[in-house]
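As the structure is a prediction and not an experimental result, all values here were calculated from the model. The chains referred to below are lettered A, B, ... by the order of the sequence lines, with proteins before strands, and numbering in each begins at 1.
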Protein chains: 2
Amino acid sequence: MVTIKDVARDAEVSVGTVSNVLNGGRVSAGKRAKVEASIQKLGYQVNTLARGLKTQKTDYVVVILPNLSNPFFSLILQQLERSLAGHGKQIVLCLSDGDKEKERRFISLARRNKIDGIIGITYSNIDEYLDDSMAFVSIDRHFHNGIHLVSSNNFEGGRLAASILHQNGSRQLLSFQTLSSLNTEVRKRQQGFEAFCIEKGLSYSSMTFSEDQVKSVYSSFDSRELISRALKLYLTDVAGRPKVDGIFASSDHLAVVICQEIQKTGLRIPEDVQVIGFDGLRTLNQGDPLVSSIEQPVQAIADTAVDMLLRLLQQQPVANVNDLPVRFIEGWSTRPRPAPGPDQVCGDSGEPNRAAGCSVPGEKTQKAPPRSAV
Amino acid sequence: MVTIKDVARDAEVSVGTVSNVLNGGRVSAGKRAKVEASIQKLGYQVNTLARGLKTQKTDYVVVILPNLSNPFFSLILQQLERSLAGHGKQIVLCLSDGDKEKERRFISLARRNKIDGIIGITYSNIDEYLDDSMAFVSIDRHFHNGIHLVSSNNFEGGRLAASILHQNGSRQLLSFQTLSSLNTEVRKRQQGFEAFCIEKGLSYSSMTFSEDQVKSVYSSFDSRELISRALKLYLTDVAGRPKVDGIFASSDHLAVVICQEIQKTGLRIPEDVQVIGFDGLRTLNQGDPLVSSIEQPVQAIADTAVDMLLRLLQQQPVANVNDLPVRFIEGWSTRPRPAPGPDQVCGDSGEPNRAAGCSVPGEKTQKAPPRSAV
DNA sequence: CTGAAAGCGCTAACAA
DNA sequence: TTGTTAGCGCTTTCAG
């Protein structure tokens, strides 16, 4: 292996001088040229291990993600890679499967390896394992105040979904979400959804599954059955009339599954029921046209996370960001919307809420319905 | 930071002894216990940078992939991570966008950082940049003999696709593939397909696009237009009759797009045209049922690649593997097949393919109903 | 079995 | 500006 010493000898200078040309120190033009020539000639490459040992830093950033089966995570990872590569940083990938113990091991590993910092979508309250020496940026999962967070405007996203469904004529809304118990940020989608309904006096209901229960929605179709049965509770009354005519799902993947299950019952989308998902990933939405969705600005999320991490590494103060703008993407699962006029008249025409009695506003099913009920 | 020296002092032994307990050397039980107690007490963690500087190795493996927009790559990466983590190795992720220059930089980076080895799906003939000091395992891309390769049995996959189409009654076959010019391994899908057709005396045609032309099929829908026009050349004659009644696509993603474009023309799938894709990813196939496909054993590919790399790192001899078994997954885009009997009678009974009516179980509305229908 | 000591390749003081 | 040198934390001889 060719070392800095070899270069120094070849260029007839000291190692200090070589180090200086490597690191942009002050070197006379003549010596610099000689050194660079020698580097070229010998094919010298710095040994980053040795450099890191000295400086106690590397150019690695650990990225912790639950898995890559969910295309949202894949896309986040892809954008993070591009963004970090632009800053000369490499990603060390850690897939946690949502396992707290694994997450903790990754953090320990990061410390052992003198990793510069961590960006992650995590399930556990990992700041317990962190100290000041480790910069950490959390995407989409807000635990408590010690942790730096970036996310899109989940509240507004939920609100937007409800408002679109309503504007398009849906009157009996249902929110269907999967959630990690520690995840307060994604929960805001639900809160935004509810806020709109309450504001407008709409009847709505919601179903929340823990991510454990439907975890496999991303890796298999086992949870399809669970979703299907849960849906049936809400879809129609005994007379076969739709009890619910607008559904907000907390992910596109979920939305697609919901659409399929609805269609199996004979109900038509979007004529009988409208569905809006969340994430807005085109790579997920294979179909053409796409499932209607609230799009998250993945690129902006990744860029912001990287930017925050870099600031953290330079000891600069950073503020949390949780209002990256979302937008509605019209797809096949909602009714066509009028081109946005200059002064849009809202569809709130005081129409009475028929569907007497089936959905109490604020009714919450926090758990899966009893399985025997189906 | 607590170092090995601190531990030595606390345990009242020498650093050499501490190092020995760390690395499984011979240490008396008494001293070992004392050292371990001190490690615990002080919260000591090895500095892998220092260790690496000494040993010239790390526990990092670089994984080079074109992108993560193609779910096949995401899934490969996920499996690689699991497999490598099981061997105590970490992944340094490099997304190349198929850019040879980037790939070269990654290899240079790997060398600078004393990375143990590289596993990758690459587009360039990267062994030009490699020397003996760098272990490399290529997935799915075989360049020339110097490189260690693992892939599924692409030839058999193509052959299987043709044979299924044929058994199910298709007589005019078309193979539609995208290909990197350097990729001789995926090319075998086409070769297997052709081999079957020639053997059976079937008429067939094939279309090959370079991955540059349709690169965006994985990240956007720009290439849809190109595919659509190319398809129209083959689909029907002037009388509107199908010229082609069985299509083999070189990826599922492509297959889905092809199905959609075919349906736009009014032809029915699988009654008029059968389509088989490649990869067999359930996470890609959102639909239920799935597009018919030749499934690659992603897990086995990843495990084999990791296994090969580890052998390489131990200087053990390794042989290429390019015959990992593929299998057909029946989906909605091919006609239903008889349950495989003990002595299967092939469906080549010259029966005219009248696809009477629409009661075929494979019938599926892939697209939203026309919006005007509301 | 244990300890002392010599580096691994590099950076950063410090002297010149 | 340049050269010299002392480590960064660890592994690994090599004596004892």
- Under the salt bridge (Lys or Arg N to Asp or Glu O under 4.0 Å) test, residues paired with B/Arg104 that sit two or more places apart: B/Glu101
- With B/Asp307, which residues qualify under salt bridge (Lys or Arg N to Asp or Glu O under 4.0 Å), at least two apart? B/Arg311
- Query: Is there side-chain contact between A/Ile119 and A/Ile64, with heavy atoms separated by less than 4.5 Å?
  - Reply: no
- Message: Are A/Asp116 and A/Tyr60 packed together at the side-chain level, in the sense that at least one heavy-atom pair is separated by less than 4.5 angstrom?
- Response: no
- In degrees, rounded to 10°, what is the bend between the two ends of the helix from C/dC1-D/dG16 to C/dA16-D/dT1, using five pairs at each? 40°
In whole angstrom, what separates [X]'s [atom1] from [N]'s [atom2]?
X        : N      : atom1 : atom2 : answer
A/Asn113 : D/dC10 : CG    : P     : 12 Å
A/Glu12  : D/dT1  : CD    : P     : 21 Å
A/Arg51  : C/dA12 : CZ    : P     : 9 Å
A/Ile4   : C/dA12 : CD1   : P     : 11 Å
A/Gln56  : D/dC8  : CD    : P     : 10 Å
A/Arg32  : D/dT2  : CZ    : C1'   : 13 Å
A/Leu53  : D/dC10 : CG    : P     : 9 Å
B/Leu49  : D/dG9  : CG    : P     : 11 Å

- Task: Report yes if a side-chain nitrogen or oxygen of A/Ser14 is closer than 4.0 Å to either non-bridging phosphate oxygen (OP1 or OP2) of D/dG3; otherwise report no.
- Result: yes
- Shortest non-hydrogen contact between A/Tyr44 and A/Val2, atoms and distance: CD1-O, 3.3 Å
- Quick one: does A/Ser19's side chain have a donor or acceptor within less than 3.5 Å of a partner on A/Val15's backbone? no
- Message: If you apply the rule side-chain hydrogen bond (donor to acceptor under 3.5 Å, both in side chains), what do you find for A/Ser151 with A/Asn322, and how did you get there?
- Response: CA-CA 4 Å; A/Ser151 80; A/Asn322 67 349; 5.2 Å; no
- Message: Between B/Thr48 and A/Lys114, is the side-chain contact (heavy atoms from CB on, under 4.5 Å) condition met? List the steps.
- Response: CA-CA 8 Å; B/Thr48 58; A/Lys114 306 304 171 208; 5.9 Å; no
- Item | Under 3.5 Å side-chain donor-acceptor pair for A/Glu103 and A/Thr122 | no
- Query: Looking only at side chains, do B/Ser108 and B/Arg112 share a donor and an acceptor under 3.5 Å apart?
  - Reply: yes
Extract from the structure each pairing of a protein N or O with an N or O of nucleotides 12-15 of chain D at less than 3.5 Å, listing the distance.
none

- Apply side-chain contact (heavy atoms from CB on, under 4.5 Å) to the pair A/Leu95 and A/Leu93, showing each step before the final yes or no. CA-CA 7 Å; A/Leu95 301 183; A/Leu93 179 63; 3.9 Å; yes
- Message: Short of 4.0 Å, heavy atom to strand atom, which residues of residues 33-43 of chain A count as contacting DNA chain D?
- Response: none
- Which of residues 24-31 of chain B have a heavy atom under 4.0 Å from DNA chain C? B/Arg26, B/Val27, B/Ser28, B/Lys31
- Report the residue from B/Leu309, B/Asp303, B/Leu310, B/Thr304 that forms a side chain to side chain contact (heavy atoms under 4.5 Å, CB included) with B/Val306. B/Leu310
- Task: Determine, stepwise, if the pair A/Lys34 / A/Asp10 fulfils salt bridge (charged side-chain N to carboxylate O under 4.0 Å, His left out).
- Result: CA-CA 9 Å; A/Lys34 278 184 77 172; A/Asp10 186 81; over 6 Å; no
- Flag if over 12 foreign heavy atoms under 6.0 Å of NZ, B/Lys102: yes
